[in-house]
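Everything below concerns the one structure shown next.
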Amino acid sequence: MKLGLKLLQERAKVGSFWWPYISNLPETYTVPIFFSGEDIKNLHYAPILHQVNKRCRFLLDFEREVKRTLVSLTQDKHPFGGQEVDASSLGWAMSAVSSRAFRLYGEKDPNGIRIDIPMMLPLIDMCNHSFNPNARIVQEQDTSNSRMQVKVVAETAIKEDDPLLLCYGCLNNDLFLLDYGFVMHSNPYDCIELKYDGALLDAASTAAGVSSPNFSAPVPWQELILSQLNLAGETADLKVSLGGQETVEARLLAALRVLLSSNVETVQKYDLSTLQSLDAEAPLGVANEIAVFRTLIALCVIALGHFPTKIMDDESLLKQGASGSTELAIQYRIQKKSVIIDVMRNISRRLKLLSSKETATAEG
């Protein structure tokens, strides 16, 4: 927002050196704070609805703070040339910065760590995003050096008329939509956010046919491990995720394995890193792992059920000609559902393999 205020100041300044650049910035942005109320609802995903509302509240609160600060200033001391700064202009500035600024390294702090500084880079900010970029940004000298240069360097031969592509970061679609106003299809870093909730997991394991689930009432030794996973206690972080690079967040996987086991001696044979690894092959036994995977699949079914539409319904709406923020909202929720379905497929494959091993062992 600090950089956004600087942008508004230069926009209001007569003869600003930056006016040619600022005048070519988009007049509107496709980030959700500018969606209609209906299209915000069309996202159908509580975590991003919370973030959109949070950003809108911030802009309204910040508008009041700015107006209180400016009200007594005379024209000659007004940083915005007497122009009104409201939530709309602040939202425009914040969106311009979030979608176009790059974080460059500046001076080092007392601990020797570089301090990142957001900076608008004309022309460079026209490069699009790709997880397989053909170029990268090179910064020579830090931001306090008058000889600092920022270059876009090709990583490969780029044909005439081909776009220059940079990687904005290994981000999920929540951040791409909130900060940049677009959605990446088949995003390998996309995930869905869940709340670790004993009652929800009890319901999932019961629906999966897992006997005696005890997520709501863990015994003391299980409670201790949950605390070590930061899933219990006063300062617990109850946000867990499915999808992305992990498929199942490590903390959630470990919790399921532990709470679906009744044998403390077996659990204590393994450290937390093993219990959190999806690559660790059934550390607490095949039967335990099968119960874990069935519970995860049921959890995915429940999460999918929270969306009021199916993917085929969404695709039909797109074919009917949805456009603008409506189209973006539909694309976003399609990708979220696709994440859940991909997790289900991944876990189902693992479950099938485990079940075949259990059958082979029983026959042997």
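Note that OG of Ser130 and CG of Leu164 are 12.0 Å apart. Values are rounded to the nearest 0.5 Å. Expressed to the nearest 0.5 Å, how far CD of Gln276 lies from CG of Leu272 amounts to 5.5 Å. For the atom pair CG (Leu177) and CG (Asp190), the distance works out to 10.5 Å, reported to the nearest 0.5 Å. Rounding to the nearest 0.5 Å gives a distance of 11.0 Å between OG of Ser323 and CG of Leu328. Separating the CD atom in Gln51 from the CG atom in Leu175 is a distance of 8.5 Å, to the nearest 0.5 Å. To the nearest 0.5 Å, the span separating CG on Leu25 from OG on Ser99 amounts to 8.5 Å.
Heavy-atom minimum distance, Arg257 versus Thr274: NH1-O, 3.4 Å. Closest non-hydrogen pair, Phe176 versus Leu171, comes out as CE1-O, 3.3 Å. Residues Cys300 and Ile340 come closest through the heavy atom pair O-CG2, 3.4 Å. The shortest heavy-atom contact between Glu10 and Ser16 is OE1-OG, 2.5 Å. The two residues Ala329 and Asp39 make their nearest non-hydrogen contact at CB-O, 3.6 Å. Looking at every heavy atom in both residues, Ala135 comes nearest to Leu166 through O-CD2, 3.5 Å.
Phe102 and Tyr21 fall into different hydrophobic clusters, where Ile, Leu, Val, Met, Phe, Trp and Tyr side chains are chained together by heavy-atom contacts under 4.5 Å. Linking ILVMFWY side-chain heavy atoms closer than 4.5 Å, directly or via other members, places Leu200 and Ile192 in a single hydrophobic cluster. One hydrophobic cluster, built from ILVMFWY side chains closer than 4.5 Å, cannot hold both Met184 and Val343; they sit in different ones. Leu260 and Ile297 end up in the same hydrophobic cluster when Ile, Leu, Val, Met, Phe, Trp and Tyr side chains are linked at under 4.5 Å. In this structure, Leu354 is a member of the same hydrophobic cluster as Leu275, with clusters built from ILVMFWY side-chain heavy atoms closer than 4.5 Å.
The pair Arg68-Glu65 does not meet the salt-bridge criterion, since no charged nitrogen lies less than 4.0 angstrom from a carboxylate oxygen. Comment: Asp313 does not engage Lys337 in a salt bridge, judged by the lack of any side-chain N to carboxylate O separation of less than 4.0 angstrom. Salt bridge absent: Asp116 and Arg103 never bring a charged side-chain N and a carboxylate O closer than 4.0 Å. One finds no salt bridge joining Lys319 and Glu315 here, because no Lys/Arg side-chain nitrogen approaches an Asp/Glu carboxylate oxygen to under 4.0 Å. Electrostatic pairing of Lys239 and Glu249 does not count as a salt bridge here, judged by no charged N lying under 4.0 Å from a carboxylate O.
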Checklist entry - Which is it for Leu296 and Leu256 under the side-chain contact (heavy atoms from CB on, under 4.5 Å) test, yes or no, and what are the steps along the way? => result CA-CA 9 Å; Leu296 282 169; Leu256 289 172; 3.4 Å; yes

Checklist entry - Would Tyr105 and Ile117 count as a side-chain contact (heavy atoms from CB on, under 4.5 Å) if you check the C-alpha gap in whole Å, the side-chain angles of each, and the deciding distance to 0.1 Å? => result CA-CA 6 Å; Tyr105 61 77; Ile117 298 176; over 6 Å; no

Checklist entry - For Asp314 and Thr309, what are the C-alpha separation, side-chain angles and deciding distance, and is it a side-chain hydrogen bond (donor to acceptor under 3.5 Å, both in side chains)? => result CA-CA 7 Å; Asp314 297 334; Thr309 60; 2.8 Å; yes

Next on the checklist: Please determine whether side-chain hydrogen bond (donor to acceptor under 3.5 Å, both in side chains) holds for the pair Ser89 and Asp86, giving the CA-CA distance in whole Å, both sets of side-chain angles, and the decisive distance to 0.1 Å.
Outcome noted: CA-CA 5 Å; Ser89 59; Asp86 56 18; 3.1 Å; yes

Checklist entry - Do Lys269 and Glu265 pass the salt bridge (Lys or Arg N to Asp or Glu O under 4.0 Å) test, and can you show the C-alpha distance, the side-chain angles, and the key distance before you say yes or no? => result CA-CA 7 Å; Lys269 290 179 183 178; Glu265 289 80 11; over 6 Å; no

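For the residue pair Asn173 / Asn187, a side-chain donor-acceptor distance below 3.5 Å is found, with atom types taken as modelled. If you check the side chains of Ser144 and Asp142, you find a donor sitting under 3.5 Å from an acceptor. Between the side chains of Ser216 and Asp202, at least one donor N or O lies within less than 3.5 Å of an accepting N or O. Asp174 and Tyr45 are not linked by any side-chain donor-acceptor pair at a separation below 3.5 angstrom, with hydrogens and angles left out of the test.
The closest donor-acceptor contact from the side chain of Arg333 to the backbone of Asn42 lies under 3.5 Å. Side-chain N or O atoms of Lys336 include one that pairs as donor or acceptor with a backbone N or O of Cys191 at under 3.5 Å. Looking only at distances, no side-chain donor or acceptor of Thr326 sits under 3.5 Å from a matching main-chain atom of Ala322. Remark: the backbone N or O of Gly106 is paired with a side-chain donor or acceptor of Arg114 at under 3.5 angstrom. In this structure a side-chain-to-backbone donor-acceptor pair under 3.5 Å is present from Gln139 to Gln141. Listed for the Arg251 side chain is a donor-acceptor partner under 3.5 Å among the backbone atoms of Asn230. Of the possible donor and acceptor atoms, none in the side chain of Thr247 sits under 3.5 Å from a partner among the backbone N and O of Gly243. Glu193 places no side-chain N or O within donor-acceptor distance of the main-chain N or O of Val240, the cut-off being under 3.5 Å. Of the possible polar contacts, one joining the Asn53 side chain to the Leu49 backbone as a donor-acceptor pair under 3.5 Å is found. One N or O on the side chain of Asp109 and one on the backbone of Ile113 form a donor-acceptor pair closer than 3.5 Å.
Centroid-to-centroid, the aromatic rings of Phe34 and Tyr29 stay 6.0 Å apart or farther. Between Tyr189 and Phe131, the distance from one ring center to the other falls under 6.0 angstrom.
In this structure, Arg11 is positioned above the aromatic face of Trp92, its NZ or CZ under 6.0 Å from the six-membered ring centre and within 45° of the axis.
Two residues are said to be in side-chain contact when any heavy atoms from C-beta on lie closer than 4.5 Å; Glu246 and Leu278 fail this criterion.
Taking the six-membered ring for Trp and thresholds of 30 and 60 degrees, Phe182 and His129 have nearly parallel ring planes, at less than 30 degrees apart.
A ring-ring contact (aromatic ring centres under 6.0 Å, His included) check over residues 256-309, counting only residues at least two apart or in different chains, returns nothing.
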